[in-house]
Every structure is written in C-alpha cells, then in structure tokens.
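One structure is given below, encoded as structure tokens.
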Amino acid sequence: MQYEAVIGLEVHAQLLTGSKLFCACSTRFGAEPNTQVCPVCLGMPGTLPVLNAKAVDYAIMTALAVDCVVNPISVFARKNYFYPDLPKGYQISQYNEPLSSRGRLDITTESGQKTIGITRIHMEEDAGKLIHGEGADENYSFVDLNRAGVPLIEIVSEPDMRVADEAVAYLKALRDILVYLGVCDGNMEEGSFRCDANVSIRPIGQAALGTKAELKNINSFKFVKDAITYEIQRQIDVVEEGGKVIQETRLFDSTRGVTVSMRSKEEAHDYRYFPEPDLAPLVVNEADVERLRENLPELPEAKRSRFGDAYGIPAYDAGVLTSTRALADYYEELVRLTDEPKLSSNWIMGEVLRLLNGNGLTITGSPVKPSAIAELLAMIKDGRLSNNMAKEVFEEMFKTGKTAEDVVKSKGVAQISDEGAITGIIEAVIKANPENLERYRGGKDKLFGFFVGEVMKAAKGQANPATVNKLLKEKLNG
Ligand code: ADP
Ligand code: MG
Ligand code: ZN
C-alpha cells in the first residue's frame, strides 16, 4: 500500500510589543525571574485586563500579510486548565470568533510552488515557564512568570502539506514575513516562534483524513523536518503491522530523533471555553485595517521578484539578498551608488557575507558601509586594483574600518596600469629568458603563459593583467 502524509501546522509567534497583552509589564527576554510581573499577570483576584492596542495592530498586520479576512468583531475567551505556570487557572485566548480567518501563504519547494491555506489567526496570552531543578535542587521545580501574559498570535494552517519539506518551507516563509513586518523577532531558540505539527497518513487516493498525532516541542527547522519525517514513518509502520494510529499528543525527543507519546485523546484537556467576561468583544473598524494595510512594508516574496526584475540578478541572488530587510536595503544602497547590480550582488554574497559570518555579525553590524564598498568597486573599474587585490583591501577595510583609499595608500597596494612601467618589466623578463623567447618564436605558443607568469611575479602581482597581455604579445611577436 502507498501512503501519503497530511500535515497541518499551528504556529505561536510572540509579538514584539514592549508590554504584555493585558498589563503594562515588560516583555523583555532574559530578565531575572519574576521581576516583570504585576497583579494582573499574576492572576490576582479583582484585577482586570486591559487590551494592548499595539498587539492588536501587529496581529492585524500579520493577518493582512497572509491575505486573511480581518473579522470586524472577535471575542476573547477563557481556556481553562490547571498548570503551575498558569496563575489565573485559565489562558485568555480567542476561540469561536477569532481575529481573522481564511488566508493563504505561497511556498516554494524543490517540487515547485504551492499555496497553503491559513485557517485562522487569533490572539492569546502566553503562560509562564517552569524550570526543573538540577543537582541539589532536583526535588524542586521553579516557576518564572515573566512570560505570563506576553502577547502571542496563533497561526493555524489548513492540513495542506504533504511532506516535511513543505512544512519547513511554510514555516520559513511565515517567519520571514513576521520578521519583515517587524511584529516578531522570529527567534526559535528563545521561543518567540514555535510550532506544533499535526501529522496523519492515508492511503493514496483516499479523500478522508486519517487520525492525526500532534507533535509538540519542536524548536528548530531541522527538528521540524526530523520530527515529521519520523512520525510519518512511525504511523506507516503502525498501520502496516495491522494497528491503528491513535489520536494523541506526542513530544519530539531531539536527542534520540523520535516522537514519544505524551497524552492520548482520553487524557486530553477539556478546556471549557467561555467568553472572557472582563473584556468587551474586540471591534476592528475598517479605517484602521486600511491604515495598517497601507503601511505594510514590502514583503519578502514581492521584494524577491522585484529584485529579479529590476536588477536582472538570478533568483538565487535575489533570495539571498532579500533574506532580511536590512541586507536588502544594504544591497539596494550599493546598487544605487555603483549602478552595478550583479557586481554588487557578487560582492555582498561573497566577501561581505563571508566576513560577517566568520565574525558572527549581521549586516546591521557591518563595519563596512555600502558607500565604502562603492569606492572600492570604483577602483577596480578604474584599473587601480585587480579583483584579487580588492579582496585583500576589503579584508583590511573590514578589520580596521579604514576607507579603500587609506588602505591602498598605507599598504602600497595599487595595480600597475601604466604602460611604460609594465613595458619596462616585460623587457627585463624577455632579456632574462632568451632561450624561451627563441622557442616561443619557433612556434611554442604555450610559453606565452610562462612569460605572463614571470611578468606578474616581477610586478609582485600588481600589474594590470589586461595590459600585461596586450603589451607582452606585442613584444614577443615583434
Ligand atoms: P484540534 O482541535 O485538535 O486542535 P484542529 O481541527 O483545530 O484540531 O486542527 C489543528 C491543526 O491540525 C490544524 O493545523 C489542522 O490543519 C491540522 N489537522 C487537522 N486534522 C488533521 C489531520 N487529519 N491530519 C493532519 N493535520 C490535521
Ligand atoms: Mg489545536
Ligand atoms: Zn503584569
């Protein structure tokens, strides 16, 4: 029997607001435990939540970026469950009436383009964090409520993906959009962008969906791929051995590369959702939606295709250069200064990114600004520097922050383009190699390379290669 997998993803993204969803506490990551808390997010009786308007704007911007309908009225609901990191005993979320619905996201994989449906995007608050003690503290667990009440959006996809690669492509595309919008930092390690993957299998040709397992705790793109790939095979094995896949929640154990059962359907929570009585329904008026729509930045996909069209660079280049907004801005600035789209792309993708990566920097922290590279590229164009020399000069610029002109002056690197100087070197080389000159003139054309090499050596690699070629030919043949 041939099977196909069906995958639907639920993504939780932390919104980049300064304060929490229902109180004024800071959302900063990494603070001392329980220093960013107040009676509201501690769930004290008698407190009242006040909705963060900026979080609503960010959620709407995300909805618009993935073509969702923004619902004019949505309703916050209490999702009740008991857990030590949840001081109120319920999480404020949205349930039947979410902020937005019915969107789409285009993804590209090796098998081509595909559109993945987005079921809904709703707002909710995060819970706190449990830290399980080690060593002397191994009998204790600690709770840090700094994260309790931090604003999240949950983005739920349709079960439209069929292989792990599509899930990874979806997540990458979604994360890029959130980061471009500036509504989420996309940091998977810190948990600002996390994903649950729902996976089922069915015989190929069957329309009905199979029973799904929900995979939790996946915090990198690689783990998403590994967890889904493992889970698909596990379900196929279960069915092939005559068993039945059961509906359950499974955890991905990244050290062993396997998924393990966490709780089955029987143990599933009954959340007893009901509308949050302390918050009025959220009314979003059309003017606000339009204002946000008009201010959306250019999104990754649009930028990629514009870069291809406007600058005539290959799709690969456009993909790399638009990987972040800052890198794209850097590239566009360099092109504006040089009017050399492909050369600029080569330099950024080659030298600039190589040194940035090697030094653990991103483009925002680059010690070399586009204007300084433009100056360097102009020196190549003028024939003052060869490409290889320019690379050396660039390394020095990167290390010291000096301009190309300063590096060239202080290091004495400059390409010799002066015909008189080069002729002098050529004549000396010819004089020193009378036998090879004879053999060359006798028909051994290959010796031309030998002479080029000798001239370059004598010029310490600083002679303009085109001039050397031209003059050497004249001298050897004349
Ligand atoms: P639940 O109520 O268990 O959370 P939902 O219907 O809300 O289930 O779906 C949650 C996620 O699971 C969605 O992303 C959806 O696309 C996906 N999903 C639903 N049914 C299946 C299935 N049979 N196989 C794979 N994914 C599924
Ligand atoms: Mg769910
Ligand atoms: Zn608070």
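These figures come from a predicted structure and were not determined experimentally. Note that ligands are numbered from 1 as they come in the structure, with each ligand's atoms numbered from 1 the same way.
Numbered from 1 in the order shown, with element, the atoms of ligand 1 that lie under 4.0 Å from a heavy atom of Leu9 read 14 (O). Every atom of ligand 1 with a heavy atom of Pro159 under 4.0 Å away is listed here by number and element: 16 (O), 26 (N), 27 (C). Per-residue contacts place Leu209 under 4.0 angstrom from the following atoms of ligand 1 (heavy atoms of the residue considered): 23 (N). Taking every non-hydrogen atom of Val6 and a distance limit under 4.0 Å, the qualifying atoms of ligand 1 come out as 24 (N), 25 (C). Residue Val156 approaches ligand 1 through these ligand atoms, each under 4.0 Å from one of its heavy atoms: 13 (C), 14 (O).
Annotation: protein N, O or S atoms under 2.8 Å of the Zn ion (ligand 3) (waters excluded) comprise Cys23 SG, Cys25 SG, Cys38 SG, Cys41 SG.
With respect to Glu298 and Arg325, no salt bridge is recorded, no charged nitrogen being found less than 4.0 Å from a carboxylate O. Residues Lys222 and Asp226 are paired through a salt bridge, judged by an N-O separation under 4.0 Å between the basic side chain and the carboxylate. Taking a cutoff of 4.0 Å between a charged side-chain nitrogen and a carboxylate oxygen, Arg250 and Glu248 qualify as a salt bridge.
With hydrogens and angles left out, the side-chain atoms of Ser200 and Thr211 include no donor and acceptor closer than 3.5 Å. Gln94 and Ser74 form a side-chain donor-acceptor contact under 3.5 Å, judged by distance and modelled atom types alone.
Between Phe76 and Tyr95, the ring centre distance reaches or exceeds 6.0 Å.
Within the 3.5 Å criterion, the main-chain N or O of Glu405 finds a donor-acceptor partner in the side chain of Glu375.
Considering backbone and side-chain atoms together, Gly210 places an N or O closer than 3.5 Å to an N or O of ligand 1. For ligand 1, the polar-atom distance check against Ser200 finds a nitrogen or oxygen pair separated by under 3.5 Å. At a 3.5 angstrom cut-off on N or O pairs, Ser157 counts as close to ligand 1.
The proximity of Glu214 to ligand 1, defined as any non-hydrogen pair under 4.0 Å, does not occur for either the backbone or the side chain.
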* Check step by step if salt bridge (Lys or Arg N to Asp or Glu O under 4.0 Å) holds for Glu332 and Arg306. => CA-CA 11 Å; Glu332 292 205 278; Arg306 179 171 64 79; 2.9 Å; yes

